[in-house]
Every structure is written in structure tokens, then in C-alpha cells.
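Heavy-atom basis, side chains included; hydrogens, waters and symmetry copies ignored.
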Amino acid sequence: MSTEIFQKIAETNTWSWIAPELAMGVLALSLLVLEVILPKVAHGAIPRIAILGQLVILGYVVTGTCAGTFPAGEAFGGMLYFDGTGQLFRVFFLGASIFVSYLGMVSLDKRLLPQVEYFHILLVITAALMLLAQANHFVMLFVALETATVGFYILVSYFRHTTVSLEAGLKYLIMGALSSTILLFGIVLLYGAGSNPALAGSSQDSLNFGNLAGFLAANPDDTLGLIGMILVISGVAFKIGAFPFQIWIPDVYQGAPLPTTALLAVSSKAAGFAMLLSLSKVFSALGDWFYPLLSALAVLTILFGNFAALTQRNLKRVIGLSGVSHAGFLLIGVIAARTVDWASTAILFYLFAYLLASAAVFSVLVHLNKDDDSDLTLDDLGDLAKKNGFLGLGLAVGVGSLAGIPPLAGFIGKLLIFIAAFKAELYGLLGVAIVGVVVSIYYYFGILKSAFFDVWQFQADEEEAPTAIPGSALGFLGKLAIVIAIAGTLLLGFYQSPFSSWLVG
Amino acid sequence: MISLEQYIAVSSLLFAIGFFGVLFRKNTLVIYMCLELMLNAANLALIAFSRYHGGMGGNLFVFFTITVAAAEVAVGLAIIVALFRKRQTVEVEELNELKN
């Protein structure tokens, strides 16, 4: 065999294009090295080094994109595809990772557990998700997704001294592995369909998104391709927590450590939508099946998420189930993107608004004094606002943005999605979404009610009732995190033009 | 000569057995074996497609899925062992601490 083909492949291996992901990997490994070489007293600095390193990488990505120096196009023999959307997802995952690192720092300090591994795995997951958002080939997609998922298993069961964390880990493991195999079988069927030399448009490299889209356009009624598409969408629906693949969400969110819950709520969901956005281009030829399937998922997801959240008392379960309904709204955006070009921008805006709102909510929750954060209920909020007004404000802005109260970012995010759906003439979905929003106001205000108004309790319970730590103990970083989340939410609520100009310009 | 359809039929059957095993079995270890069965069903189909359609892509992909499956098993068994030490059981029905 001649070496020409290898030379050809190597020519497209532009390593400098994936510098941010490589830097994340190097940072993750160097954290482990630092733990070995630093004296024990200095170990507290390692999480700070992790956050600092990620901030540098984030700065590199943001300045590179703003200056327009980041390249666009295919790399690594068609494995990766770089464009503006991918850059924005990079920024998103880095931002989410920095904020989860901060939560981890606060949350793990309370426990006698090895800390460095948490940040190591977090960085590896983030690097994998950044690659996932730019995958242009099913092998890349599967490997990146599995790297992230296996990391998630570990982070969910990280508090291994508590049964709830392990139980959540086991449930996530079984459901996650099941969805991965379904996704894999779907990919295999697509490979089998696309590589059949007897059919028009077939190719040797049929797992490449472009080649597969070409094949499906030539054979839109290929049974194997159709079944493959349905299985792949089922696997992705698990990631975003769409009905009927949402059964793991309440249990896993409740049992997982708080920082991991935040990571699942934000990054895992966004990863699903990054996949859906690139897959919707592949499956556009199967649109007659693909979009009705997504519509059905969206309707059921919005209705289930909102109505199931109504009866919950556990805070993490409420947040998990409300996240299910957010996934439903975002699915409407994906469907609208079929005919409305800017709908994918609306999805990204919604995700960023969701990131900032979740950052506010979780940064407040992590400061509630409770040994076991899996049974944090609404009552535990006590009258948080009276005891610590700053935390109360953070919670109000975060929950308000999740509920979609103007002028916060969450409102604009929902508005953009709804306008896109209106332009795409999806009136039925729009109606369901508005019902969902109305229902969601009820449980979001339930959270605010218990935080801002006195809850009557037995006298005997008073000593046990957990209280928020006083504002002075928040520390500089704690205040900074909440201030950034509030400021970002308000800023995106009033001022959206830089966001859209990034993608368009 | 075994035809491609026969391979795919066997592979689909294995996948279905694994899938219903995951849904209906109660022991975590058995569930885990069913998951492995599903992964190997996918591998079998990949190899068959690759052989009959004359491309190397499927063969290469199998290496990735085997690696991924190994990583998943390593983490999964660790979680199961840790949970067994805490609870002395791996029956799914008895793992019900997470509730509203």
C-alpha cells in the first residue's frame, strides 16, 4: 500500500485548530501532576489553577473568534467541521465548566474527598463536549459523546460515601449505557445503508455527515436509513431529557452532587442540542419523518416536564423537571430552524440565557448549609431573602430568568424561539409552549415564595432548620459568581445585538 | 454462504434480547451483561456491513466501540461494587432511596 493516502490524510490534520481542546487536556493532566509535586498544604490552590487555566483558554477562544482569526471548514479528514456555531458552543461549554469548577470548589471543600480528580474529569468532559459540538463524522460524534458520558458516570457517583449518590450513578449508568447502545445501533444501520454500493449516492466513508446527507437525499425512502435515524434521535433525546427518555432525570439530578447536577443540567443538555443542530442537516432529506418525530417529542416533553414539576418538593427535582420543559422549548427551535434561518441563533441565545440563570440558581443553592444536598426541599429555603438579601436577589433573578420574566435574558430567549416558531407557522406547537410557560410560572414562583415569605414551622424544627450562611462568609469568589450571573442575565435581557452579530458577521 | 440479511437478522435479534433484558431483569449485573450484548450486536452488524459492502470504515469503528465498552465496564463495575459495599444488594427493586 502506498503512503500517499496517509500523507493526504495527514495534510488535513490541522492541530492548531483544536488548540483549545488540547489545552484543556493538558490542563487536566497537569492538575494530576500538580497534586503529586505540590506539598499537601498547597493543594487548595489546585482548583483555583483549574479555574484560572480555563479562563485563559476562554479568553483565547473569545478573542480569536472576535478577531476572526479562527479558521472555518473541515479538518482531520472530515472528522471535524469548524464554524461560528461551533465556536459559540466552545465558549458555552468553557463558561459552564468554569462555573461548575467554582461550584465544585465550594461543595467539595465541605467534604473529605479527593478533590483534584473531580476537576480533572470535569476538564476532560468539557474538552470532549467541545469536540462533540464540532463533530462532522459519526465516529467522532460517538467517541466524543462516550468520553463525556463515562466521565459523567464518575461525577454523578462522586460522593461515594453516600448511598444516594451511588444509586444515582448506577441509574445514570444503566440508562446512559442503554441510550448509547441505541445510538450506536442507529449509527451502524446508517453506515450499512450508506455504504451499500448497489444504491445511488453510496460512499465508502458513509459515516461522514456530508456523505450521509448526500446518500439520504438520493434515497429518502431507504428503510434501513429511516430506522437508523429514529434510533439515533432516540439516543440524542436521552441526552436532552426529552419525553419518553426523561425518566432518569429526577432521580439522577437529586442524587448527584450539586456541581454535577449543574453540569448535567447545562452542559449535557447543550451537548444534545449541539448534536441535534448538526444532525438536522444530515437528516434534512428525511424531513417528512424527522420533523414530525421532533414535534411529537416537543409536545410531550413540554407537557410532561411542566406538569411533573408541579408536585415536586425537592429543589433539585424541580430544577431537573423544569429543565425537561426547557428542552421542549429548545426542540421547537430546532423544528423552526427547518424554515427560519436564524432559529439556530435563537437556540444558542436561549442556551446562554439558561446557562446564566442556572449559574445564579446553583451558586445560591451551593451556599445553603445542608450536609446532604440530595434532600434540599423548598422548605429549606426558609426565608432566605430576609436572612441574606444578596442570595435572595441571586435566586430571584435566576428563577425569574428561567420562568421567562421580562426584562431578564430568559424572557428574550423564549420570545426569540416563539417568534421563530410563529414565522415557521408552527401554531400548534406554539400553543402547547404557551400553556407550558403558564404552568411553569406556578412552580417557579413556588420557589420564590418559599424564599421570600415566612414558612410556618414547628418550634421544635427551628434548630434543625438549615440556614443560609451570612453574607460575609460568601467570600469574594462567591459574590463575584452571583454578580456575574445576575449582570449577564440583565445584560442579555436588554442588549442582544453583539450576540447575533457574532454569528452573522 | 451466509448472506448479509442473515447476519443483520442475528444482530437485530441479539440487540432485541439485550434491550428487553435491560428492561425486565432485576439484577444489576445481569442488566450490565445485557448492555454488553447490545454493544456486541452493534459490532456484529458493523463487521457484516463492512465485509459485504467492501469498506474498512466499519472494521475501524469496531475498535472504537470495543474501547468505549471497556471504559464503560471499568467505571460501571466500580460503581456497582461501591454500591454493593454500602447496601449489600445489587437488586434494582431494592435501590429506591431517591424519591420525591
Side-chain angles (χ1 to χ4, degrees), chain A residues 138-139 142-143 145-147 149-151 153-154 156-157 160-164 166-178 180-182 184-189 191-198 202-208 224 250-255 311-314 317 374 377, chain B residues 4 7-8 11-12 15 18-19 22-23 28 31-32 34-50 52-58 60-62 64-65 67-69 71-87 90 92 95-100:
Chain A
F138 271 112
V139 176
F142 182 73
V143 173
L145 180 68
E146 282 304 292
T147 311
T149 308
V150 172
Y153 300 151
I154 304 172
V156 168
S157 43
R160 57 169 194 266
H161 58 286
T162 63
T163 330
V164 279
L166 285 171
E167 194 181 310
L170 184 70
K171 282 182 176 162
Y172 189 56
L173 174 79
I174 292 172
M175 297 308 295
L178 184 66
S180 298
T181 42
I182 291 173
L184 176 66
F185 205 73
I187 295 174
V188 170
L189 293 186
Y191 168 76
S195 66
N196 190 348
S202 72
S203 111
Q204 287 283 314
D205 190 15
S206 59
L207 287 176
N208 185 291
L224 218 50
D251 281 358
V252 173
Y253 276 44
Q254 184 192 351
T311 57
Q312 304 289 333
R313 297 293 296 165
N314 185 297
R317 290 176 90 93
S374 68
T377 63
Chain B
L4 176 61
Y7 274 113
I8 302 309
S11 152
S12 305
F15 189 81
F19 183 74
V22 172
L23 291 189
T28 311
I31 290 176
Y32 223 66
C34 292
L35 285 169
E36 292 304 306
L37 195 65
M38 290 169 75
L39 275 176
N40 283 320
N43 283 345
L44 178 66
L46 263 180
I47 295 291
F49 279 131
S50 186
Y52 281 81
H53 291 167
M56 289 306 284
L60 283 172
F61 197 4
V62 167
F64 286 103
T65 62
T67 316
V68 162
E72 226 167 51
V73 167
V75 171
L77 288 182
I79 293 174
I80 293 173
V81 168
L83 192 63
F84 183 76
R85 282 192 183 150
K86 278 266 166 212
R87 294 288 310 274
V90 287
V92 178
L95 300 173
N96 49 11
E97 291 215 352
L98 293 167
K99 266 193 222 115
N100 183 28

Q) What's the spacing between B:Leu44 CG and B:Phe49 CZ if we round to 0.5 Å? A) 10.0 Å
Q. What residue, out of B:Gly54, B:Ala71, B:Cys34, has the most heavy-atom pairs lying under 4.5 Å from chain A?
A. B:Gly54
Q.
If I measure from the heavy atoms of chain B, does A:Leu145 come under 4.5 Å with its side chain, its backbone, both, or neither?
A. neither
Q.
Heavy-atom cut-off 4.5 Å, strictly under: side chain, backbone, both or neither for A:Ile187 against chain B?
A. side chain
Q | Leading residue by heavy atom contact count with chain B [cutoff under 4.5 Å; candidates A:Leu189, A:Val143, A:Leu173] | A | A:Leu173
Q) Under a 4.5 Å cut-off applied to non-hydrogen side-chain atoms, are B:His53 and B:Leu4 in contact? A) yes
**Q.** Part of B:Leu95 lying under 4.5 Å from any heavy atom of chain A
**A.** both
(Q) How long is the straight-line distance from OG1 of A:Thr181 back to CZ of B:Phe15, given to the nearest 0.5 Å? (A) 5.0 Å
Q: Name the region of A:Ser202, side chain, backbone, both or neither, that has any atom closer than 4.5 Å to a heavy atom of chain B.
A: neither
**Q.** Whether over 12 other heavy atoms sit under 6.0 Å from B:Arg87 CZ
**A.** yes
(Q) Does any part of the side chain of A:Asp251, heavy atoms only, come nearer than 4.5 Å to the side chain of A:Arg317, both counted from C-beta? (A) yes
Q: Can you see which heavy atom on B:Leu39 is nearest to which on B:Glu72, and at what distance?
A: CD1-OE1, 4.3 Å
Q: Sequence neighbours left out, what passes side-chain hydrogen bond (donor to acceptor under 3.5 Å, both in side chains) with B:Ser50? Give chain and number order.
A: B:Asn59
Q) Is it the backbone or the side chain of A:Asp205 that comes under 4.5 Å from a heavy atom of chain B, or both, or neither? A) neither
Q. Considering only heavy atoms, which portion of A:Leu178 lies under 4.5 Å from any heavy atom of chain B: side chain, backbone, both, or neither?
A. both
Q | Greatest number of heavy atom pairs closer than 4.5 Å to chain B - which of A:Pro250, A:Ser157, A:Gly192 | A | A:Gly192
Q | Heavy-atom check, side chain of B:Leu83 versus side chain of B:Val90, under 4.5 Å | A | no
Q. Which bit of A:Ala198 is near chain B, if near means a heavy-atom gap under 4.5 Å: side chain, backbone, both or neither?
A. neither
**Q.** Residue among B:Ile8, B:Asn43, B:Thr65 with most heavy-atom pairs under 4.5 Å to chain A
**A.** B:Thr65
Q. Who pairs with A:Tyr172 by ring pair (Phe, Tyr, Trp, His ring centres under 6.0 Å), at least two apart in sequence or on another chain?
A. A:Tyr153, A:Trp248
Q.
At a 4.5 Å cut-off on heavy atoms, which part of B:Tyr32 comes close to chain A: side chain, backbone, both, or neither?
A. side chain
Q. Given a strict heavy-atom distance threshold of 4.5 Å, which part of A:Gln204 is in contact with chain B: side chain, backbone, both, or neither?
A. side chain
